[in-house]
Amino acid sequence: MEEQQGLQLGGYPDWMSSLPEQLLDVLLWNLAIPGSHDSMSFCLDVSSPVLRSEPCLLRVIDRLFPCWTRPCLYRWATTQQAVLTDQCELGIRYLDLRIARKPAAGSKLFFAHGIYTLMTVKEALEELTTWLDAHPKEIVIISCSHFELLNDEDHAHLVEFIVTLFGKKLCSSQDTPTLRSCWSRGQQVIISYDNQQMVMQHPELWTGIPYWYADSPDPKKVIAYLEDQKHRGRPAGFYVSGLNLTEDAPYILLHPLQNMRKMTMRALSLLLGWVSEQRPGREAGGVNILCCDFVGISQFCSLVIGLNYKLLGGAGTLLAHPVCRMP
(Lines give C-alpha, C1' and ligand atoms only; values in the text may rest on other atoms or scores of the structure.)
Protein backbone atom coordinates (compact mmCIF):
# COMPACT_ATOMS: atom_id res chain seq x y z
CA MET A 1 0.00 0.00 0.00
CA GLU A 2 2.82 2.45 0.82
CA GLU A 3 4.38 1.77 -2.58
CA GLN A 4 1.08 2.43 -4.35
CA GLN A 5 0.57 5.70 -2.46
CA GLY A 6 4.06 6.80 -3.44
CA LEU A 7 3.29 6.16 -7.11
CA GLN A 8 0.11 8.20 -6.85
CA LEU A 9 2.00 11.16 -5.38
CA GLY A 10 4.83 11.03 -7.93
CA GLY A 11 4.48 12.01 -11.54
CA TYR A 12 5.63 13.86 -14.62
CA PRO A 13 3.76 17.19 -14.68
CA ASP A 14 6.07 18.77 -17.29
CA TRP A 15 7.32 15.82 -19.29
CA MET A 16 6.52 17.32 -22.70
CA SER A 17 8.61 20.42 -22.07
CA SER A 18 11.44 18.15 -20.85
CA LEU A 19 11.70 16.00 -23.98
CA PRO A 20 14.95 16.20 -25.98
CA GLU A 21 15.24 18.80 -28.73
CA GLN A 22 15.15 16.07 -31.40
CA LEU A 23 11.55 15.18 -30.47
CA LEU A 24 10.07 18.68 -30.54
CA ASP A 25 9.29 18.55 -34.27
CA VAL A 26 7.78 15.04 -34.25
CA LEU A 27 4.06 15.03 -35.06
CA LEU A 28 2.06 14.45 -31.89
CA TRP A 29 0.44 11.34 -33.37
CA ASN A 30 3.91 9.84 -33.75
CA LEU A 31 4.75 10.29 -30.06
CA ALA A 32 3.77 7.92 -27.23
CA ILE A 33 1.18 9.65 -25.03
CA PRO A 34 -0.30 8.25 -21.79
CA GLY A 35 -4.07 8.47 -21.44
CA SER A 36 -6.72 7.51 -18.90
CA HIS A 37 -9.73 5.38 -19.81
CA ASP A 38 -13.05 6.85 -18.59
CA SER A 39 -11.16 9.71 -17.01
CA MET A 40 -14.08 11.09 -14.95
CA SER A 41 -15.19 7.82 -13.35
CA PHE A 42 -13.52 8.82 -10.07
CA CYS A 43 -16.66 10.79 -9.08
CA LEU A 44 -19.56 8.52 -10.02
CA ASP A 45 -22.86 9.17 -8.22
CA VAL A 46 -23.95 5.95 -6.52
CA SER A 47 -27.50 7.30 -6.22
CA SER A 48 -27.93 8.03 -9.93
CA PRO A 49 -29.96 5.81 -12.28
CA VAL A 50 -28.35 3.41 -14.72
CA LEU A 51 -27.81 4.88 -18.18
CA ARG A 52 -30.43 4.14 -20.82
CA SER A 53 -27.66 2.88 -23.09
CA GLU A 54 -26.80 0.08 -20.65
CA PRO A 55 -28.10 -3.47 -21.32
CA CYS A 56 -31.83 -3.99 -20.83
CA LEU A 57 -31.24 -6.65 -18.14
CA LEU A 58 -29.29 -4.18 -16.03
CA ARG A 59 -31.91 -1.44 -16.35
CA VAL A 60 -34.77 -3.77 -15.45
CA ILE A 61 -32.99 -5.02 -12.33
CA ASP A 62 -32.08 -1.43 -11.43
CA ARG A 63 -35.76 -0.46 -11.40
CA LEU A 64 -36.54 -3.36 -9.08
CA PHE A 65 -33.47 -3.35 -6.80
CA PRO A 66 -31.65 0.02 -7.10
CA CYS A 67 -30.08 -0.32 -3.65
CA TRP A 68 -28.24 -3.40 -4.93
CA THR A 69 -27.49 -2.60 -8.56
CA ARG A 70 -26.10 0.92 -8.13
CA PRO A 71 -23.43 0.20 -5.49
CA CYS A 72 -22.50 -2.89 -7.52
CA LEU A 73 -22.23 -0.92 -10.75
CA TYR A 74 -20.32 1.83 -8.94
CA ARG A 75 -17.59 -0.64 -7.94
CA TRP A 76 -17.23 -1.97 -11.49
CA ALA A 77 -17.62 1.33 -13.36
CA THR A 78 -15.04 3.22 -11.29
CA THR A 79 -11.84 3.01 -13.36
CA GLN A 80 -9.93 6.04 -12.03
CA GLN A 81 -9.23 7.41 -8.56
CA ALA A 82 -7.65 10.82 -9.22
CA VAL A 83 -9.21 14.12 -10.33
CA LEU A 84 -8.25 15.39 -13.79
CA THR A 85 -5.54 17.75 -12.58
CA ASP A 86 -3.91 14.98 -10.54
CA GLN A 87 -4.02 12.73 -13.60
CA CYS A 88 -2.24 15.48 -15.55
CA GLU A 89 0.33 15.76 -12.75
CA LEU A 90 1.00 12.04 -13.15
CA GLY A 91 1.71 12.59 -16.86
CA ILE A 92 -1.66 11.81 -18.47
CA ARG A 93 -2.15 13.84 -21.66
CA TYR A 94 -5.24 12.16 -23.16
CA LEU A 95 -8.55 12.44 -21.32
CA ASP A 96 -11.49 10.19 -22.18
CA LEU A 97 -14.59 12.28 -21.36
CA ARG A 98 -17.94 10.55 -21.85
CA ILE A 99 -20.57 13.27 -21.66
CA ALA A 100 -24.21 12.83 -20.68
CA ARG A 101 -27.37 14.69 -19.75
CA LYS A 102 -28.49 13.53 -16.32
CA PRO A 103 -32.29 13.14 -15.88
CA ALA A 104 -33.88 15.92 -13.82
CA ALA A 105 -30.64 17.94 -13.79
CA GLY A 106 -31.79 20.79 -16.03
CA SER A 107 -29.36 22.07 -18.64
CA LYS A 108 -26.22 20.96 -16.78
CA LEU A 109 -24.12 18.31 -18.46
CA PHE A 110 -22.30 15.58 -16.57
CA PHE A 111 -20.12 12.58 -17.39
CA ALA A 112 -21.12 8.94 -17.25
CA HIS A 113 -19.86 5.38 -17.11
CA GLY A 114 -22.70 3.00 -16.33
CA ILE A 115 -24.09 5.67 -13.99
CA TYR A 116 -23.67 9.44 -13.91
CA THR A 117 -21.00 11.54 -12.21
CA LEU A 118 -21.32 14.09 -9.43
CA MET A 119 -19.08 16.64 -11.18
CA THR A 120 -20.37 18.66 -14.13
CA VAL A 121 -18.58 19.20 -17.44
CA LYS A 122 -18.23 22.90 -16.65
CA GLU A 123 -16.55 22.23 -13.29
CA ALA A 124 -14.12 19.67 -14.69
CA LEU A 125 -12.99 21.70 -17.70
CA GLU A 126 -12.60 24.91 -15.70
CA GLU A 127 -10.36 23.05 -13.25
CA LEU A 128 -8.34 21.71 -16.17
CA THR A 129 -7.88 25.22 -17.58
CA THR A 130 -6.31 26.36 -14.32
CA TRP A 131 -3.82 23.50 -14.52
CA LEU A 132 -2.95 24.32 -18.13
CA ASP A 133 -2.22 27.94 -17.15
CA ALA A 134 0.35 26.66 -14.67
CA HIS A 135 1.97 24.34 -17.25
CA PRO A 136 2.09 26.40 -20.49
CA LYS A 137 4.16 23.87 -22.47
CA GLU A 138 2.01 20.82 -21.77
CA ILE A 139 -0.56 19.77 -24.39
CA VAL A 140 -3.69 17.80 -23.50
CA ILE A 141 -5.88 15.85 -25.93
CA ILE A 142 -9.51 15.80 -24.78
CA SER A 143 -11.84 13.22 -26.31
CA CYS A 144 -15.53 14.14 -25.97
CA SER A 145 -17.76 11.20 -26.83
CA HIS A 146 -20.87 9.07 -26.18
CA PHE A 147 -23.14 12.13 -25.53
CA GLU A 148 -25.86 10.22 -23.68
CA LEU A 149 -29.25 11.96 -24.25
CA LEU A 150 -27.71 15.16 -25.70
CA ASN A 151 -29.76 16.99 -28.32
CA ASP A 152 -28.61 19.50 -30.96
CA GLU A 153 -29.06 22.43 -28.58
CA ASP A 154 -26.94 20.68 -25.93
CA HIS A 155 -24.15 20.14 -28.48
CA ALA A 156 -24.26 23.77 -29.59
CA HIS A 157 -24.03 25.06 -26.00
CA LEU A 158 -21.28 22.60 -25.11
CA VAL A 159 -19.11 23.50 -28.08
CA GLU A 160 -19.66 27.21 -27.45
CA PHE A 161 -18.53 26.72 -23.84
CA ILE A 162 -15.44 24.76 -24.90
CA VAL A 163 -14.39 27.30 -27.54
CA THR A 164 -14.91 30.22 -25.16
CA LEU A 165 -13.19 28.54 -22.22
CA PHE A 166 -10.02 27.41 -23.99
CA GLY A 167 -9.88 30.21 -26.57
CA LYS A 168 -6.40 30.62 -28.05
CA LYS A 169 -5.26 27.45 -26.29
CA LEU A 170 -7.17 25.39 -28.88
CA CYS A 171 -5.20 23.71 -31.65
CA SER A 172 -7.27 23.81 -34.84
CA SER A 173 -7.94 20.66 -36.84
CA GLN A 174 -6.38 22.54 -39.76
CA ASP A 175 -3.00 22.54 -37.98
CA THR A 176 -0.35 19.83 -38.07
CA PRO A 177 0.71 19.77 -34.42
CA THR A 178 4.18 19.20 -33.03
CA LEU A 179 5.34 20.33 -29.62
CA ARG A 180 7.32 23.19 -31.12
CA SER A 181 4.50 24.39 -33.39
CA CYS A 182 1.98 24.32 -30.54
CA TRP A 183 4.33 26.22 -28.24
CA SER A 184 4.92 28.89 -30.87
CA ARG A 185 1.15 29.54 -31.08
CA GLY A 186 0.36 29.12 -27.40
CA GLN A 187 -1.77 26.05 -28.14
CA GLN A 188 -2.35 23.50 -25.37
CA VAL A 189 -5.63 21.74 -26.11
CA ILE A 190 -6.76 19.38 -28.87
CA ILE A 191 -10.50 18.63 -28.72
CA SER A 192 -11.67 15.42 -30.35
CA TYR A 193 -15.47 15.64 -30.68
CA ASP A 194 -17.36 12.51 -31.70
CA ASN A 195 -20.17 14.30 -33.53
CA GLN A 196 -19.43 14.89 -37.18
CA GLN A 197 -22.03 17.62 -37.61
CA MET A 198 -20.36 19.77 -34.93
CA VAL A 199 -16.89 19.02 -36.30
CA MET A 200 -17.93 20.24 -39.75
CA GLN A 201 -19.21 23.50 -38.25
CA HIS A 202 -16.22 24.21 -36.01
CA PRO A 203 -12.62 24.01 -37.29
CA GLU A 204 -11.48 24.12 -33.65
CA LEU A 205 -12.75 20.54 -33.24
CA TRP A 206 -11.04 17.36 -34.38
CA THR A 207 -12.95 14.33 -35.58
CA GLY A 208 -13.38 11.38 -33.19
CA ILE A 209 -10.11 9.58 -32.45
CA PRO A 210 -10.14 5.81 -33.17
CA TYR A 211 -10.02 3.76 -29.95
CA TRP A 212 -8.77 0.17 -30.27
CA TYR A 213 -10.75 -1.70 -27.63
CA ALA A 214 -10.80 -5.48 -27.15
CA ASP A 215 -13.95 -5.66 -24.96
CA SER A 216 -12.55 -8.55 -22.92
CA PRO A 217 -11.73 -9.27 -19.24
CA ASP A 218 -8.69 -11.34 -20.27
CA PRO A 219 -5.42 -9.34 -20.58
CA LYS A 220 -4.02 -11.96 -22.97
CA LYS A 221 -6.95 -11.39 -25.31
CA VAL A 222 -6.52 -7.62 -25.00
CA ILE A 223 -2.88 -7.92 -26.04
CA ALA A 224 -3.72 -10.34 -28.88
CA TYR A 225 -6.35 -7.92 -30.17
CA LEU A 226 -3.96 -4.94 -30.07
CA GLU A 227 -1.27 -6.94 -31.85
CA ASP A 228 -3.75 -7.96 -34.55
CA GLN A 229 -4.78 -4.34 -35.02
CA LYS A 230 -1.15 -3.26 -35.30
CA HIS A 231 -0.54 -5.78 -38.07
CA ARG A 232 -3.45 -4.27 -40.01
CA GLY A 233 -1.67 -0.89 -39.95
CA ARG A 234 -2.06 2.16 -37.78
CA PRO A 235 -4.35 5.14 -38.60
CA ALA A 236 -2.74 8.16 -40.25
CA GLY A 237 -3.40 10.50 -37.31
CA PHE A 238 -4.15 10.16 -33.60
CA TYR A 239 -5.33 6.80 -32.33
CA VAL A 240 -5.71 5.02 -28.98
CA SER A 241 -4.63 1.55 -27.87
CA GLY A 242 -6.91 0.64 -24.97
CA LEU A 243 -5.41 -1.51 -22.22
CA ASN A 244 -8.67 -1.49 -20.26
CA LEU A 245 -10.50 -4.70 -19.34
CA THR A 246 -14.28 -5.23 -19.51
CA GLU A 247 -16.78 -7.55 -17.84
CA ASP A 248 -20.35 -8.07 -19.06
CA ALA A 249 -23.49 -7.18 -17.08
CA PRO A 250 -24.33 -10.73 -15.88
CA TYR A 251 -20.83 -11.17 -14.43
CA ILE A 252 -21.03 -7.82 -12.64
CA LEU A 253 -24.41 -8.64 -11.10
CA LEU A 254 -23.19 -12.06 -9.95
CA HIS A 255 -20.05 -10.59 -8.35
CA PRO A 256 -21.33 -7.51 -6.49
CA LEU A 257 -18.47 -7.43 -3.97
CA GLN A 258 -15.67 -7.55 -6.54
CA ASN A 259 -14.51 -4.46 -8.43
CA MET A 260 -12.61 -3.23 -11.47
CA ARG A 261 -9.55 -2.20 -9.46
CA LYS A 262 -8.87 -5.78 -8.31
CA MET A 263 -9.28 -7.12 -11.83
CA THR A 264 -6.96 -4.42 -13.20
CA MET A 265 -4.30 -5.07 -10.56
CA ARG A 266 -4.18 -8.75 -11.49
CA ALA A 267 -3.65 -7.89 -15.16
CA LEU A 268 -1.22 -4.96 -14.85
CA SER A 269 2.01 -6.95 -14.95
CA LEU A 270 1.12 -8.55 -18.28
CA LEU A 271 -0.30 -5.35 -19.80
CA LEU A 272 2.62 -3.16 -18.76
CA GLY A 273 5.05 -5.78 -20.03
CA TRP A 274 3.44 -5.39 -23.45
CA VAL A 275 3.66 -1.58 -23.19
CA SER A 276 7.39 -1.71 -22.48
CA GLU A 277 7.97 -3.58 -25.76
CA GLN A 278 6.21 -1.00 -27.93
CA ARG A 279 7.67 1.78 -30.03
CA PRO A 280 6.04 5.03 -31.20
CA GLY A 281 6.45 6.46 -34.67
CA ARG A 282 4.81 6.50 -38.09
CA GLU A 283 5.66 2.88 -38.91
CA ALA A 284 2.79 0.37 -39.20
CA GLY A 285 3.25 -0.94 -35.65
CA GLY A 286 3.96 2.42 -34.02
CA VAL A 287 1.86 3.21 -30.96
CA ASN A 288 0.45 6.65 -30.19
CA ILE A 289 -1.97 7.14 -27.28
CA LEU A 290 -2.13 4.30 -24.75
CA CYS A 291 -5.02 4.28 -22.26
CA CYS A 292 -5.20 2.44 -18.95
CA ASP A 293 -7.43 2.17 -15.89
CA PHE A 294 -6.23 3.36 -12.46
CA VAL A 295 -3.31 5.28 -13.91
CA GLY A 296 -1.95 6.23 -10.49
CA ILE A 297 -1.23 2.76 -9.11
CA SER A 298 1.58 1.66 -11.43
CA GLN A 299 4.50 2.82 -13.58
CA PHE A 300 2.14 3.20 -16.55
CA CYS A 301 2.89 6.88 -17.27
CA SER A 302 6.62 6.34 -16.82
CA LEU A 303 6.65 3.45 -19.28
CA VAL A 304 4.62 5.23 -21.95
CA ILE A 305 6.56 8.50 -21.77
CA GLY A 306 9.80 6.55 -21.86
CA LEU A 307 8.86 4.92 -25.17
CA ASN A 308 9.56 8.26 -26.86
CA TYR A 309 13.28 7.87 -26.20
CA LYS A 310 13.26 4.88 -28.54
CA LEU A 311 12.89 7.41 -31.35
CA LEU A 312 16.40 8.57 -30.40
CA GLY A 313 17.74 5.04 -30.67
CA GLY A 314 17.99 4.57 -26.89
CA ALA A 315 16.60 1.87 -24.66
CA GLY A 316 13.41 3.80 -24.08
CA THR A 317 13.41 3.78 -20.29
CA LEU A 318 12.28 7.09 -18.86
CA LEU A 319 13.96 6.62 -15.54
CA ALA A 320 17.39 6.66 -17.18
CA HIS A 321 16.87 10.31 -18.16
CA PRO A 322 17.40 12.90 -15.40
CA VAL A 323 14.97 15.39 -16.97
CA CYS A 324 12.01 13.22 -15.91
CA ARG A 325 12.88 11.54 -12.63
CA MET A 326 10.27 9.78 -10.51
CA PRO A 327 10.21 11.66 -7.18
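One-based numbering along the sequence shown.
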**OP:** Dump the intermediate steps for salt bridge (Lys or Arg N to Asp or Glu O under 4.0 Å) on E277 and K310, then the final yes or no.
**Re:** CA-CA 10 Å; E277 297 170 355; K310 293 185 178 183; over 6 Å; no

**OP:** In sequence, state the C-alpha distance, the side-chain angles, and the governing distance for F42 and Q87, and then conclude on side-chain contact (heavy atoms from CB on, under 4.5 Å).
**Re:** CA-CA 11 Å; F42 63 86; Q87 292 181 36; 4.1 Å; yes

Is there a donor-acceptor pair under 3.5 Å between the side chain of [X] and the backbone N or O of [Y]?
X	Y	result
N30	L27	no
E123	T120	yes
H113	A77	yes
E89	P13	no
S173	P203	yes

Between atom [atom1] of [X] and atom [atom2] of [Y], what is the distance when rounded to the nearest 0.5 Å?
X	Y	atom1	atom2	value
N288	L31	CG	CG	8.0 Å
L179	S184	CG	OG	11.0 Å
W15	N308	CH2	CG	5.5 Å
Q258	E247	CD	CD	8.5 Å
E227	Q229	CD	CD	11.0 Å

Check for me, please, whether [X] and [Y] land in the same ILVMFWY cluster - side-chain distances under 4.5 Å, paths through other members count.
X	Y	value
L307	L270	yes
L118	F111	no
L84	F294	yes
V26	M16	yes

**OP:** Determine the interplanar angle of the Y94 and Y211 rings, folded into 0 to 90°, and report it as parallel if under 30°, tilted if 30 to 60°, perpendicular if over 60°.
**Re:** tilted

Subject >> Aromatic ring pairing W131/H135, orientation class (parallel under 30°, perpendicular over 60°, tilted between) >> reply: parallel

Do the side chains of [Y] and [X] get nearer than 4.5 Å, heavy atoms only?
X	Y	answer
M40	M119	yes
P49	Y116	yes
I191	I162	yes
C88	L128	yes
I139	C171	no
L268	I297	yes
D45	F110	no
F300	L90	no

**OP:** Give a yes or no on whether R52 atom CZ has more than 12 heavy-atom contacts from other residues, nucleotides or ligands under 6.0 Å away.
**Re:** no

**OP:** Please check if atom CZ in R282 has more than 12 non-hydrogen atoms from other residues, nucleotides or ligands closer than 6.0 Å.
**Re:** no

**OP:** Would you mind listing every ring-ring contact (aromatic ring centres under 6.0 Å, His included) that reaches into residues 222-244, with sequence neighbours excluded?
**Re:** W29-F238, W206-F238, W212-Y239

Original post:
Between D38 and R98, is there a side-chain N and carboxylate O pair less than 4.0 Å apart?
Top reply: yes

Original post:
Is K169 salt-bridged to D133, cutoff N-O under 4.0 Å?
Top reply: yes

Original post:
Are D194 and S145 close enough, and set up right, to give a side chain to side chain donor-acceptor pair (under 3.5 Å), and what steps lead you there?
Top reply: CA-CA 5 Å; D194 200 12; S145 67; 5.4 Å; no

**OP:** Kindly indicate, with the supporting measurements, whether the criterion side-chain contact (heavy atoms from CB on, under 4.5 Å) is fulfilled by L303 and L290.
**Re:** CA-CA 10 Å; L303 285 172; L290 294 103; over 6 Å; no

Subject >> Sub-6.0 Å ring centroid separation between F147 and Y193 >> reply: yes

**OP:** Begin with the C-alpha distance, continue with both residues' side-chain angles, and end with the deciding distance and a verdict on side-chain contact (heavy atoms from CB on, under 4.5 Å) for M260 and T78.
**Re:** CA-CA 7 Å; M260 181 59 71; T78 298; over 6 Å; no

Subject >> W274: partners by ring pair (Phe, Tyr, Trp, His ring centres under 6.0 Å), with sequence neighbours left out >> reply: none

Subject >> Intermediate values then yes/no, side chain to side chain donor-acceptor pair (under 3.5 Å), Q80 and S36 >> reply: CA-CA 8 Å; Q80 303 297 338; S36 58; 4.7 Å; no

